[in-house]
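Please read the structure below before turning to the comments.
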Number of protein chains: 2
Amino acid sequence: MTSDTAAQPRDIEAAIFSAVDSCVTQWGWDKVTMDDICVTAGVSRATVYRLFPGGRDVLFEAVRLGKLEDFFTAMRANVEGSESLEDLLVRCIVVASSELQHDEHLAMMLATVPGETLGDLTVSGLGRIVRVATAFITPLTDEFIPADEAAHIVEVMCRLVISYYLSPSPTLDFANEDATRTFVRTFLLPNTSSVVVTQ
Amino acid sequence: MTSDTAAQPRDIEAAIFSAVDSCVTQWGWDKVTMDDICVTAGVSRATVYRLFPGGRDVLFEAVRLGKLEDFFTAMRANVEGSESLEDLLVRCIVVASSELQHDEHLAMMLATVPGETLGDLTVSGLGRIVRVATAFITPLTDEFIPADEAAHIVEVMCRLVISYYLSPSPTLDFANEDATRTFVRTFLLPNTSSVVVTQ
DNA sequence: GACACTAAGACAGAAACTGTCTCAATGTCA
DNA sequence: TGACATTGAGACAGTTTCTGTCTTAGTGTC
């Protein structure tokens with residue numbers, strides 16, 4: 001790094017995040033050491049610990065929060081301006097599924113309780129995904145249906161998204177908008193009181 | 001475990017070998033522990049150490065030797081009965097390339113010196129592959145061309161096989177016999193004195 | 001019932017990892 | 001130029017993990 005100009009802290013942080021990602025992809029959470037991350041990021045040990053005081057746990061938690069923030073930011077941006085419940089649900093499903101397919105660690109992040117050691121995606125974590133996602137999405141349905149109805153339908157939707165992510169179907173890809181729209185009309189909307197389904 | 005009849009030692013050995021393979025695929029040589037292997041093989045620690053006295057090094061060396069044996073056995077079986085130099089070279093290339101493509105760790109095994117820690121496939125290891133393969137194949141050419149000529153052409157062949165394995169070409173697959181035959185006629189046979197190339 | 005074999009796990013010593021620290025090198029800014 | 005900030009390199013102790021050996025109890029075979 002003789003010829004480099006001084007890197008900005010933000011760049012270094014990004015390099016470290018990216019290193020965590022590729023290290024975890026290569027070896028899994030359990031097997032990654034701080035040195036692996038340092039070497040991959042091309043950064044010294046001291047730098048990592050200075051940027052993330054508290055070490056491994058703090059770093060991994062930061063990565064987790066970063067991913068969740070990105071996820072929900074993408075959700076919010078894509079869902080904004082939905083003009084019908086159908087639209088809202090379709091967009092939620094498509095964005096969530098796309099994000100999940102795009103980032104192989106995201107599901108585990110969503111499923112992990114803060115402070116918990118990151119390992120494999122466990123069954124108990126699924127409930128957490130459902131709760132978090134339901135809590136995030138339900139308020140968005142306010143203008144279309146009553147809250148009590150929303151809670152139910154949103155939970156069903158979340159469960160379906162997770163199920164199709166964990167075990168993809170050859171006949172239905174939730175990242176595909178048209179297919180998802182048909183699915184929403186068939187399975188979700190009929191269960192709402194205040195929406196007329198037009199075919 | 002409870003309902004199983006007693007497993008034969010050979011079965012256990014095979015299970016351990018297979019566990020090494022899948023563990024290494026998952027985590028890489030450096031990150032695999034003996035416990036990983038035991039758990040994956042569904043076998044206790046004591047059993048592994050009894051079957052491979054000397055522990056980790058001995059086990060890994062056994063895996064290495066096993067793979068090399070399989071490789072050269074396959075080579076020998078497929079090359080036997082070649083009726084021309086062209087035939088011999090084509091078969092060598094096809095078998096070697098197929099085996100390499102089929103087993104992702106084989107190249108590293110070939111490249112590793114006995115006793116050396118198994119890590120990544122290093123550049124210095126390539127020379128070893130070339131030497132070993134050349135030493136194995138050259139004698140087989142005895143009946144077709146003089147030894148001094150063989151040494152040269154076989155080395156070129158080995159280098160090409162390795163190169164195409166490490167960096168596959170979209171236009172040529174050495175596992176394909178017809179394509180390989182054309183290649184051999186074009187690039188290898190013209191350099192021999194005693195063979196008439198027929199198009 | 002003797003025998004062979006294994007799982008489970010305790011154990012000490014070795015090795016690896018973590019987190020903190022110091023120091024020199026480098027780049028920035030006044 | 002000199003004060004300041006930031007980084008890389010690596011030493012360091014404490015902790016954790018891993019290794020290889022060993023003992024014990026359980027199971028199936030002859």
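Just so it is clear, the structure is predicted and the values come from calculations on it, not from any experiment. Throughout, protein chains are lettered first and strands after them, A, B, ... in sequence-line order, and every chain is numbered starting at 1.
- With rounding to whole Å, F60(A) atom CZ is found 14 Å from dG19(C) atom C1'.
- Residue S44(B) places no side-chain N or O under 4.0 Å from the OP1 or OP2 atom of dG9(C).
- In summary, the side chains of D173(B) and Q101(B) do present a donor paired with an acceptor at a separation below 3.5 Å, with no hydrogens or angles considered.
- Under a 3.5 Å cut-off, the side chain of T138(A) and the backbone N or O of A135(A) do not form any donor-acceptor pair.
- Within the structure, salt bridge (Lys or Arg N to Asp or Glu O under 4.0 Å) pairs that include any residue of residues 134-148 of chain B do not occur (at least two apart or interchain).
- Atom pair W27(B):CH2 and dA16(C):P shows a separation of 19 Å (rounding to whole Å applied).
- Rounded to an integer number of Å, the gap from CD1 of I16(B) to C1' of dA7(C) is 13 Å.
- Using bins of under 30°, 30° to 60° and over 60° for the plane-to-plane angle, the ring pair F17(A)/F52(A) lands in the tilted bin.
- Residue pairs meeting the side chain to side chain donor-acceptor pair (under 3.5 Å) criterion with at least one member in residues 65-76 of chain A, sequence neighbours excluded, are D21(A)-K67(A), K67(A)-D103(A).
- Ring orientation note: the planes of F174(A) and Y164(A) are tilted relative to one another, at an angle of 30° to 60°.
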Next on the checklist: Within the 4.0 Å limit for protein heavy atoms, which parts of nucleotides 15-23 of chain D are touched? Write it as a string from 5' to 3', B for base, S for sugar-phosphate only, - for none.
Outcome noted: ---SBBBB-
